[in-house]
Structure formats: C-alpha cells, structure tokens
Amino acid sequence: MRASHKGAHISGAERIVDSAAASSAASTLVRRALTHAKGIPDAISLKITAIQSPLQIKALPVKTIQANSPEEGLSIACCLLRECGISRADEVIDMIRTSPPMRGAMLVDAESLYRLDTNLDRGVRATCMDAAGAQGRLPASAKSHYAEAIVLASKVAAAPGIVAEICISDDPTYVTGYVASPSIGYQRITCMKNAGDPHGGRIFLCRGIANNTAPTIDFLESTPVLVTDVPPAPGLSKTNRFSCLESELSAIRQTSLWREPKTLMPSGATSIATVANRHAAVLASNDYLGLAHDHRLVAAAAEAASSWGTGTGGSRLVTGSLPIHSALEHRLAEFFGCEASLVFATGYMANVGTISAIVGKGDAILSDELNHASIIDGCRLSGAEVFIYRHCDTQDLRRKLSMCSGYRRRLVVSDGVFSMDGDIAPLNAILDICREYDAFSYIDDAHAIGVIGAFGKGTAEYFGCPCADITIGTLSKALGSEGGFVCASRKVVELLVNRARSFIFSTSPSPAALGAAIAALDILESEPNRLSLLRSNVSFFLKSLANYGIAASSPTAIVPIVVGDENRATEISAKLLEQGFFIPAIRYPTVTRGQARLRVAISSAHSEAILASAANAIAKQLNNCYG
Ligand code: WAQ
Ligand code: MG
C-alpha cells in the first residue's frame, strides 16, 4: 500500500498473509492509509501480489541501549559499527548525519565507502517482507517503528554481502534508532537525534559485492521474506525507565522529608501494639474512643459481611445501593440532627467530592490556612477561586468574604477540629459571617466527632450553635471504622449523588465498615463515659507535660508538641519508639516547614500509667535535644 497527497508520499506498508486473509489485510492497510498522522491522502495504491512459500528468517536478537543525547547515541553507534568490523565507522556516522532525504537506503561498500546503489535520489528499498504470525504485526493506523524496523533489519542482515546497517528515523518525533548486523543483532539506541529533527536515513554496509550488486539488491527488493520469532516491542530497560524516579527519590531523602510506613502489629487494644518490631504504647491513632478493637464493632462488621458480602462490587449508582448503606445514612442523619446524609468511601473523598460538587468556576471559596489536605485538594479540583484566610481569624475571613459579592456562590470551609493543631474553629462566629454575606458554611468535623460536644456530636454541639450548612465527618476516627460522610440538607445530598465524582466513580464502602460504624454510633450514644474518660485522659496528659515544664494545650484529643526542625522531630520520634512510645513526627507538607511536631493522639483507651510515662519520655527527649 502507498498513500500520497498531490504526488507527495504519506505512508506505505506491506503485509504477507495467507490468501484467505488477503481482503482483511487489504482493508487494514487502507484504513491505515486513511488515518496516518502525516495527513489524508488523495491517492492510495494497493497492489496484491501472489508469492510462493516465502523465505523464513529468524528475527535478530534485540537489545536496547540508553543514550541521553544525540552525541552519546551517535558515538555508541560508531562503536557498534566498529564491532561489526567497519574501520571507518566515524565516516559512516558523518554520512548518515548528512545524507539527503531518500525513500530508500544507501548501499555502501564497507572498505571504500563508495555508494553502490545507482539511483542516488531513491536508494535501495528493502521490501517484500513481513513478520510471521500476529506478534509484531502493524497496528491498523499508527505505525509501530520498532515492529517495522526489526523486520526490515532482520531481512537486510540476511542479504548477501551485507555486514551492518545503521538507521535514524525521519520521523521528527522518533529519536530511537539502531545499528544491526548478523554478528551483533539489532541494537536499539534510544537517542540518535534531537526531537523535532526531521532528518533520518539508512545505510546498508556491504563487502565483496562491488562488482556485482544485483543478487543483493534483488534479495532486498524482491525476495519474499517472513521474519519469525520477532521479540515483542521492548520498553526501555527498567533501570533506565526508573532512573528519573531515583533522582526524585534521593532528593526527598536528602530533605529529611522521607516517609515510610512502620509495620504495626495490633495487640487487640488501641493503646498497645508492636511497631517496627518493638513493643510500644501507641499515641498515634485517631481511634479516640478505642472502638476499633471493641468486640461489638468486630462482631457487627463480621455480621454485616456475612449478610451483605465483603465487597459492594461498584458504585451505588451502577451496582446498586445496599439497605445497610441507607441504614447507616439514616442513623447518621438522626444522630447529627440533619435532614440527610451520604456515605463516601473515605473522608478524603467526602471532602474532595463535596467541595467540587458544591462550587465551581465563578464561585469563591474562603478556606482556613490550616485546613486538611483533602479540603485543599477539593478546593483546587473545584475550579473555584480560593481565598485563604488566616487560621481561625474571623476578622480576616470577614474582610475577605466582604470582597466576594461578585461571585455566583461563596463557600466558607474550615476544619472543625484542626488535625495537626487540635484547636477548634470558632463555628458560631463563622456562621454569623456566612449569614451576613450569604455564604455556604462547610465544616469538616473528622476530629471533632466522638471527641467534643456533650454527646460527641462535634463542633456545633460544642458551641451550642446550629450545624454548618454542610458537615463532613469520618467513620474512621472516633467511630473506629472506615469511610467518610456528609450531613446536610436533602437538596445538598441529592446534588452530591449527581455531581460528586468521588461518590459517583468510587466503589461504595464495604458492608463490614458500615456495620461497624452503626455499632459505633450505638455505643457512642449509650456509653457517654467514654467521652469523659477521653477528656480526663487529655487533661491528665497535659498536666503531666506541664509538670516537666512543657507547655502544651488542647481542647480536643490531639496534642501537638512543636519541635520545629524536621530532622529533630524525626529523631525524637525514633528515640521515643526505641523507648516504647509510638508518637509520629509530623512534617511538611502536612504542616508548615519549620513547624515539625510530635503529634500525640489521646484515646479513652489509654491508661494514666501509659500517659504519665509517655510524658516523661517526651520530656527527656526534648531536654536532651535542647540541651
Ligand atoms: N528500505 C530501505 N530504506 C528505507 C526503507 C526501506 N524500506 N524505509 C525507509 N528507509 C530509509 C529512508 O531513508 C528513511 O529516511 C530512513 O530509512 C528512516 O526510515 O527499535 O522509522 O521509516 O525503536 O523513518 C527505528 C526503530 C525506526 C528503532 C526507524 O525509519 C526501534 C524508522 P524510517
Ligand atoms: Mg519514517
């Protein structure tokens, strides 16, 4: 097949197939002609020739060599040509670099470097060849450089008198070329020219045929050849393909921001585990009420799994909504006193999906500077204009919001309890400001639920004020399960079902997680003593720290102990683990640079003995480091 436009060549390709497959091969080639990147042809010529039993030739072995620049690639090619016995290899490289555009290859004598082909504008064309079997076949439209080149090079290497071939593609986007010969095989070189350079060429180097080139040219142009055992298209070798990642990784290592999860073997209780092979008290978990190991949650999860299965099989909109999904949502709406609720697979998804569904281009978001990453990501994804106000600074919020009257919608977003600082957003003041400037209010109560408020209902209950228009919660912290949820009006929830992409395109939470969450809400309601235990644990821990002269405060379960330097925070955390306390160091980007800290998470499951010894160990470490 040859396709052209106004006489100019666009594309060409050939196939060798059984006669029975001729018509389908023909239509494949025509389709390719019509969809070639170089343009739409005004003429396609298709020639079908009958051939008898083509010669079978085994494909050359393939190897890929990484080159980082055209200079490097060409010097590798030069070395490979020398390996093939071409002593004037550097002159061959010059020839191919300066060759005029041709449809075929130069046939060059390896000793004299004279051209032996006679049509200097065209060169010699290797044709009448194909890969045997489906492997290595041309895709219908796009040309596969490798698949074509390995077939051509394998035929050329088998031609009488040919000792080596060098090739650079004339495709400006394709910089990989090769040197091939019967002795060295097919050696791909990943960079032979700069991207964007349309220059390419081929040289067939030969020996001993200067007086009679006919058998060689005849073989190249007219002998039917099927190339067998074509190796599949090679990627670059792994080491090369991933080497750019390695430099990124080593950069992270050097900035002392390297992260690696520690293996944790639970003991059956929230407060104790084996962490990185060390028996340790755990002061890291958001399981604030010690429910994740409560036998009633475990039983509820098991029961839900046995009734409803372990997985939901997809998004609720596609594969259906289980009764246990709506059971939990009714329970959540009832517990938090809102019209409706919607469960997401994670709290992260609840934030990302909800924010980007509620606001978009033409809207304004006012976001506290210390909001959780999932809020930040939701804001970015929404396409709304984002204005950051100073942490819990209602004056700054009001000033910025007052300048947003020109936007379609305004949304004020804040954590209820800030995840790395443990302080509480001034919700009542925020609600007043939202009312004044006709803005939606949005509170993420992930670290508030099960922690603050008389019944653990979060920030609104804590202040005794109405809920925000939209409240986000998670099932995964004080509720000991997994997943996120939204509490809002029915309208908001209906909008989310239709617009929140993290809801629409995620598999819905598993029955086990939902069952455990329902059990957790029951316990939260029936055992308010857990909340008071958590609170007395927090104040006991703060008092213990104060006894060592460490000023820390928190109205919630999160006690940040700011160290500052990232390295030092990591070191202290590692030392504490050696002494049997798992207290993570929190660093940038979770907190501002230079604000690295130990984040102590208190649970009702901690004993006072654990808290006292943890305070003691922290004090020793801080004194060591400061001293
Ligand atoms: N016979 C002889 N020479 C040819 C032929 C042919 N059938 N087709 C092209 N040439 C010459 C012509 O001068 C071109 O300018 C030059 O070769 C390059 O041709 O493993 O795409 O078709 O990934 O652009 C190498 C693949 C791809 C490396 C080479 O060559 C790999 C390529 P192109
Ligand atoms: Mg080309």
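Please read these numbers as outputs of a predicted model, since none were measured by experiment. Atoms within each ligand, like the ligands themselves, are counted from 1 in listed order.
Ring orientation note: the planes of Phe503 and Phe344 are nearly perpendicular, at an angle over 60° on the 30°/60° scale.
His199 approaches Lys193 most closely through the heavy-atom pair O-NZ, 3.0 Å. Closest heavy-atom contact between Thr190 and Ala67: OG1-N, 2.7 Å.
Counting heavy atoms closer than 4.0 Å to ligand 1, residue Ser169 contributes atoms from both its backbone and its side chain. Residue contacts with ligand 1, taken as heavy atom pairs separated by less than 4.0 Å, involve Arg125 via backbone and side-chain atoms alike. Heavy atoms of Thr127 found under 4.0 angstrom from ligand 1: none, in either backbone or side chain. When heavy-atom distances to ligand 1 are checked against a 4.0 Å cut-off, Glu148 has no atom that comes that close, whether in backbone or side chain. At a heavy-atom distance under 4.0 Å, only backbone atoms of Ile168 (N, CA, C or O) approach ligand 1. Residue contacts with ligand 1, taken as heavy atom pairs separated by less than 4.0 Å, involve Cys167 solely via side-chain atoms from C-beta onward.
Atoms of ligand 1 found under 4.0 Å from any heavy atom of Thr176, numbered from 1 in the order shown, are 23 (O), 25 (C), 28 (C), 31 (C). Of all atoms in ligand 1, listed by their number and element, those nearer than 4.0 Å to a heavy atom of Tyr178 are 25 (C). Here is the list of ligand 1 atoms found below 4.0 Å of a heavy atom in Ala149: 25 (C), 26 (C). Applying the 4.0 Å criterion to heavy atoms of Ala105 picks out, from ligand 1, the atoms 2 (C), 3 (N).
Residue Gly104 has at least one N or O atom closer than 3.5 Å to an N or O atom of ligand 1. Where the criterion is an N or O separation shorter than 3.5 Å, residue side chain and backbone included, Met102 meets it with respect to ligand 1. Where the criterion is an N or O separation shorter than 3.5 Å, residue side chain and backbone included, His145 fails it with respect to ligand 1. Inclusion of Tyr174 in the set of residues having an N or O under 3.5 Å from an N or O of ligand 1 is warranted. At least one N/O-N/O distance between Arg188 and ligand 1 falls below 3.5 Å.
In this structure, the separation between CD1 on Ile57 and NZ on Lys155 is 7.5 Å, given to the nearest 0.5 Å.
Relative to atom 28 (C) of ligand 1, the option among Tyr186, Tyr146, Phe204 with the closest non-hydrogen atom is Tyr186.
Remark: Phe505 pairs with no residue by the ring-ring contact (aromatic ring centres under 6.0 Å, His included) rule, at least two apart or across chains.
The side-chain hydrogen bond (donor to acceptor under 3.5 Å, both in side chains) pairs that include a residue from residues 343-365 are Tyr348-Asp377, Asn351-Ser374, Asn351-Tyr442, Asn351-Asp444, Asp363-Arg408, where partners are two or more places apart or lie in different chains.
For the pair Lys63 and Tyr178, the cation-pi criterion (under 6.0 Å, within 45° of the ring axis) is not fulfilled.
We find that Arg122 and Glu221 are joined by a salt bridge, their nearest charged nitrogen and carboxylate oxygen being less than 4.0 Å apart.
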**Asked** What's the verdict on side chain to side chain contact (heavy atoms under 4.5 Å, CB included) for Arg499 and Ile358, showing C-alpha distance, side-chain angles and the deciding distance?
**Response** CA-CA 8 Å; Arg499 286 268 188 275; Ile358 298 290; over 6 Å; no
